[in-house]
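Notes follow the structure.
All chains are named by letter (A, B, ...) in the order of the sequence lines, taking the proteins before the strands, and each is independently numbered beginning at 1. Worth saying up front: this structure is predicted, and the values here are computed from it rather than measured. FYI, side chains are in, hydrogens and waters are out, and symmetry mates aren't considered; it's all heavy atoms of this structure.
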Protein chains: 4
Amino acid sequence: MGTAVDPAGSRGRIDKRRAILDAAFAVFAREGYTQAGVDAIAAEAGVAKATVYNHFGDKETLLRRTIADLAEQALEQNLAAIERLGTPGDDLRALLEDVGLSLAHCYCDERSWTLRRLLIAEFAQFPDLLDVIWGRVNDRALDALADRLARLALAGRLRANDPVAAAEQFSALLSAPLDKRTRLGTRDVPEDEVRAVVTAAVATFLAAFAP
Amino acid sequence: MGTAVDPAGSRGRIDKRRAILDAAFAVFAREGYTQAGVDAIAAEAGVAKATVYNHFGDKETLLRRTIADLAEQALEQNLAAIERLGTPGDDLRALLEDVGLSLAHCYCDERSWTLRRLLIAEFAQFPDLLDVIWGRVNDRALDALADRLARLALAGRLRANDPVAAAEQFSALLSAPLDKRTRLGTRDVPEDEVRAVVTAAVATFLAAFAP
Amino acid sequence: MGTAVDPAGSRGRIDKRRAILDAAFAVFAREGYTQAGVDAIAAEAGVAKATVYNHFGDKETLLRRTIADLAEQALEQNLAAIERLGTPGDDLRALLEDVGLSLAHCYCDERSWTLRRLLIAEFAQFPDLLDVIWGRVNDRALDALADRLARLALAGRLRANDPVAAAEQFSALLSAPLDKRTRLGTRDVPEDEVRAVVTAAVATFLAAFAP
Amino acid sequence: MGTAVDPAGSRGRIDKRRAILDAAFAVFAREGYTQAGVDAIAAEAGVAKATVYNHFGDKETLLRRTIADLAEQALEQNLAAIERLGTPGDDLRALLEDVGLSLAHCYCDERSWTLRRLLIAEFAQFPDLLDVIWGRVNDRALDALADRLARLALAGRLRANDPVAAAEQFSALLSAPLDKRTRLGTRDVPEDEVRAVVTAAVATFLAAFAP
DNA sequence: TATGAATGAGCGTTCATTCAT
DNA sequence: AATGAATGAACGCTCATTCAT
């Protein structure tokens, strides 16, 4: 039974759906939700405007699916980076810097910035997005980080009575300086600078939480 | 007798301008720039739509003036708080916590959040806003903070070879946790919690930079 | 039977386009270009305002297409009348009167007057209309007339060394008196009066150009 | 009693009124009535917009006064030219050519063209203008011309049983070719060409009406 | 009288959405 | 399932006109 059957059959549908989601991401990222026209999204996806409506019903739903898409990917990447804290070697500083660098890259990713921009710009119109998305991504990633830090504390590698607060500060020392350095995601920052931010963040973090 | 003259003359102009700016702030904050209608702004200001255009020319200019207004106030408040670092007493920790609390209040202020929201939401459409506003506010406040920290270092009260980095981290330890706690400014945070964030921030900061 | 198929399919587009053009003619004629509202045109055509924009893009384009439409029809009618000068019989005066009467009717036609009114009223705003339309219609009709007169001269039926000048004067003797009689197209002129103008024009023309 | 009194007194009022009328002519000529803004007229006149309303009440009245102004001047010039037919010398052709040239210049005058453009463009909105102005100018000028031609006929210098028709045709042979040559007043025509038109008009006229 | 400010009605245009094919 | 055409509700902006000084 050859898998090559179905030339442009139900595969084409899925491809169109994917194309629309990608186009929506691109256009929303470029122009923002309100400014983006469904026309433009359809054009970028290479389909008719009505097809967008056949697949997603209305513009708001399209935004929600796009954001959910972005959030899922962002969470996945964050969790993958944080997980590595579960297998610490001898050099804790090096490990924290390694994980910190990964998190910094997650944070600076274009999709990650688009996600935050869309959320911040539109939560006045769709307040539930904040709870659903921010809760499912930021909070869960922070939770995972706190979990790992708690284990390290138990193992005597850190001195953190409040692992949630520690996670919060670790994250803060990474994200806020990157906000400034990337001018809210509008320009690329050379890798050296990212590394410097990470090194400084880990240094301060360890000064406060090393046993 | 005497002061009651000019019950609406020549003050009326200024008052209307002020009313429009305030209304613009309110409506932009509530609905975002693109979604906000000039109709709604005029209504909220209690003037005719055309009056808005007489004063500001077009919607974009109104946004720019509104943002400039917010930025000016935000900068002023931040600088006032930071200035207090110039007269340190014996208890550095207490001083840092005091200033940190003021900065936290600045950061949590509704106008401050609106400013950031508008910038983040609209910089795709008006890229220069980032440089003009973000540069004039965030960077200058950070500079002022770095200046004060440098003096403290010279006075032997801190150990900060790189005062800019120290300022960046002090600010990061305040703002990022508040982002999370206020859910991007969408809910009030009890004063205790703010204090806790400040205390933790100062603790970590001093752990890293106390001499 | 069989022709009743497609009661609104693919003809509907063309019909709507036609309806909009006709409505535009009517409203432009009634109110002039600037005064005419696209609302009114859409209403007169029985379509939504946006449909007008789907078909013509903007109001200016709608004016241009309307004018081009009128010009094409006017040129066609004029050329048809002039062509008859190519097959002269014995009675040249009768032929000239016949053709002159046709030209007079062309000139007095409502669409013809609207065309001139729109051109004269709007060429300040759209200067190219004069060249494009006036050139393609008036000049070509005058050329055709001059051609015919030249042939008649060659055949010895007229004495016209300068057929262009002769055509110009023939046309002048028709149009200018009709301008006055119809008060610039604002009132109908009884057929007798038109005939009188034509007779007088031909008389003067022949007095000057009969061999 | 010195006339030099009243420095900028009631004299200034009159000057402002004149300035507004001149500005109205200029702006109406340039942009047409509907398109012209009262703002623009006030600016061109160097007065405040409200001053225009103080003097003329509304835009329509301003148009009427402007048109009446133009019409009066046009009539005066036409009558002055026609009057010269009252004192014919020996050479009738030369006299007709001389008067014809004057009339041609009247016809080609910028103010004359503006008058016709405004009338043609706006008579749909203000139908009475046609009767009031066209009647008072064109008809009276044509009447005066017919009068002179009638006298010439009585004196045996012309053969015109119907002087009105003769006047109509004389005028037609001048105006219609000039319409074409000046492209409806949009370009200057060299004096030679005007003379050629006049010469040809007089030639045809005399061919038809010389005794 | 002359003005600067304010206004309300209206206009050209866009856009999310629906319908018939 | 996919499309092209059509729609109605807004929206940003303008303009003739009025009012208070």
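B/I133 places a side-chain heavy atom less than 4.5 Å from the side chain of B/L115. With a 4.5 Å cut-off on side-chain heavy atoms, D/E122 and D/I67 do not count as touching. Taking the side chain as every heavy atom from C-beta outward, D/H55 and D/R65 never approach each other to under 4.5 Å. Counting heavy atoms from C-beta outward, A/T186 and A/W113 have side chains that stay 4.5 Å or more apart. Between D/F56 and D/R17, some side-chain heavy-atom pair lies under the 4.5 Å cut-off.
For the residue pair A/T51 and A/N54, no side-chain donor N or O sits within less than 3.5 Å of a side-chain acceptor on the partner.
Projected onto DNA chain E by closest heavy-atom contact, A/T34 and B/H55 fall at different nucleotides, the more 5' of which corresponds to B/H55. Projected onto DNA chain F by closest heavy-atom contact, A/T51 and D/E60 fall at different nucleotides, the more 5' of which corresponds to A/T51. Between B/D39 and C/G57, the residue anchored nearer the 5' end of DNA chain E, judged by the nucleotide with its closest heavy atom, is B/D39. Checking A/A48 against B/K49, the closest nucleotide of DNA chain F that is more toward the 5' end is the one next to A/A48.
Minimum heavy-atom separation, B/L119 to B/L130: CD2-N, 4.4 Å.
Between the CG atom of A/L62 and the C1' atom of E/dT17 there is a distance of 14 Å, given to the nearest Å. For the pair A/L63 CG and E/dT17 P, the interatomic distance rounds to 12 Å; values are reported in whole Å. Regarding C/E31, its CD atom lies at a distance of 13 Å from the C1' atom of E/dG10, rounded to whole Å. Protein atom CG of B/D15 is 10 Å distant from nucleotide atom P of E/dA6, rounded to whole Å. Between the CD atom of C/Q35 and the P atom of F/dC15 there is a distance of 13 Å, given to the nearest Å. Rounded to a whole Å, the CZ atom of B/F56 is 16 Å from the P atom of F/dG12. Atom NZ of D/K59 and atom C1' of F/dA16 are 8 Å apart (whole Å).
No more than 12 heavy atoms of other residues, nucleotides or ligands shown are found within 6.0 angstrom of CD on A/E72.
A heavy atom lying under 4.0 Å from DNA chain F marks none of the residues of residues 120-127 of chain D.
Of the listed nucleotides (E/dT7, F/dA16, F/dT7), E/dT7 has the atom at the smallest distance from the side chain of B/V47. Taking only side-chain atoms of B/K16, from C-beta outward, the nucleotide of E/dA6, F/dG12, F/dT7 with the closest atom is E/dA6. Between F/dC13, F/dT17, E/dG12, one nucleotide has an atom nearer to the side chain of B/Y53 than all others, and that is F/dC13. Side-chain proximity of B/A50 to F/dT7, F/dC15, F/dT17: nearest is F/dC15. In the set F/dG12, E/dT7, F/dT7, the nucleotide with an atom closest to the side chain of C/N54 is F/dT7.
Residue-level contact check: A/A36 touches the backbone only, with heavy atoms under 4.0 Å from sugar-phosphate atoms and none from bases.
At least one donor-acceptor pair closer than 3.5 Å links the side chain of C/K59 to the backbone N or O of C/Y33.
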Completion exercise
Given Watson-Crick and G-U pairs under 3.5 Å, DNA chain E in dot-bracket ([ ] crossing, | other strand) is .||||||||||||||||||||
Problem - Worked check of side chain to side chain donor-acceptor pair (under 3.5 Å) between D/T66 and D/D69 - result: CA-CA 5 Å; D/T66 305; D/D69 224 35; over 6 Å; no
